[in-house]
Amino acid sequence: MQDILLKGGRIIDPATNRDEVSDLLISNGIIISFGLDLKPAKGVKVINCDGKIVVPGLLDIHTHSRIPGQTDKEDVSTFTKAAIAGGFTRVVCMANTMPVIDSPEHFKISSFIKNRGLMNMLEVFQVSALTKNLDGRELVDLAGMKKVGIIAASDDGKAIQDPNILIAALKKCKELKLPVLIHAQDNIIPVYDSGSEYYYIFMVLKAAEKIGCPIHIQHVSCIESVKLIKIFKVRGLNVTCETCPHYFSLTKKDFERIGANAKMNPPLRSEKDREAIVEHLVNGTIDVIATDHAPHTVKEKKLPLIDAPFGVIGLETAIAVSFTWLKNILTVPQIIAKMTVNPAKILNMQEPTLKIGMHADITVIDLAKRKKVIPEKFYSKARNCPWAGKILQGWPIMTIKNGIIQMRNGKLLIDKSKPPTS
Ligand SMILES: [Zn+2]
């Protein structure tokens, strides 16, 4: 394994509050030293990071790999490449695959990266369903799922409608110390009414407060949701939440213009909602930026709007959309924290950090780089991207996993001995 010297980058490590220009030396896949003007030994690959930021490898708490069962939308190869190209070194996959990840047997087929020995390229973590087949009726054997290696539980894509089942699920997750991730949707109210989201959030937060269990709300999209979450946070509930790049960069006006490629659940809301999302990213109510990467085929997205499936892709644009819309509003370390240390804490995972002795999982970002979004050039199999044609600024230019460069300047340099075949 080649040693690497990243020269002169701005090192930003939210876990340790480090923010300074420094060289960073990687040897045998491990971060071994920092300092100004480190002199490389013979054979060390020197990479000039002047003017770039060097951050811990990004973690996406919310993706849909479509594996197993829906390889027409995304497959092992395209999913892995899209994540690496986007600057991610760890991703968390939801359970709404075919079959649903609701049993240890189904979990085993979903462990596609581990099964192929590709952990040196991308770490993929799996979430278990809360209820069998996501139908909201019968709880999954969560203790059994925890034993085989799932890291959290969620019925994402759907929401448990029966309060008794929801309470039983929260109690079980508390007992097992299993993070629970909530897709908030009350089915009595149409999803296009934001009441569907915040009404459900209110019910969940009241239940979590009574039970005393930590709770994470997925993809918040409207002003009432963030205000509610803030109230419960202030009064001491261990509640965290995420939003997605589309909710702080787009509104329903964009949906009217773009159509199916901007159709997702929850849907795009008003400008007032978008502003509230930004404000609550700044004040810390929203802890995490997640992609909710949801690939679909071109054919499916060409269906009449009412029939086209919900979801947009996001792995390859998350950094650029975040920096384009949030620069000068959030600090760079604040943005990076929401894509590294904050989601790791929620999932009780090892913190992504740039400390001496750690495995070198690193993303290098060029905040000055401007590039047009051309979905046809994505590594993802899907093209359902609402930012197509936009020029965005601030792109990942290098992804390093365990000390191996996987992506440089948008080109993948994947370990050729282990290509990620589908
Ligand atoms: Zn969801």
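Read the numbers this way: they start at 1 and go in the same order the structure lists the ligands and their atoms.
Because the distance cut-off is set at 2.8 Å, D292 fails to qualify as a neighbour of the Zn ion (ligand 1), as none of its N, O or S atoms comes that close. One of the N, O or S atoms belonging to H219 lies under 2.8 Å away from the Zn ion (ligand 1).
Side-chain rings of H219 and H62 approach one another, their centers coming within less than 6.0 Å.
Cation-pi geometry between R235 and F232 is met: the NZ or CZ atom falls under 6.0 Å from the ring centre, inside 45° of the normal.
Side-chain contact check for I397 versus K52: some heavy-atom pair is nearer than 4.5 Å.
Between the Zn ion (ligand 1) and the N, O or S atoms of D156, the shortest distance is to OD1. The name of the N, O or S atom in H183 nearest to the Zn ion (ligand 1) is ND1.
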* Check the pair H216, Q218 against side-chain hydrogen bond (donor to acceptor under 3.5 Å, both in side chains), reporting the backbone distance first and the verdict last. => CA-CA 6 Å; H216 176 77; Q218 297 175 295; over 6 Å; no
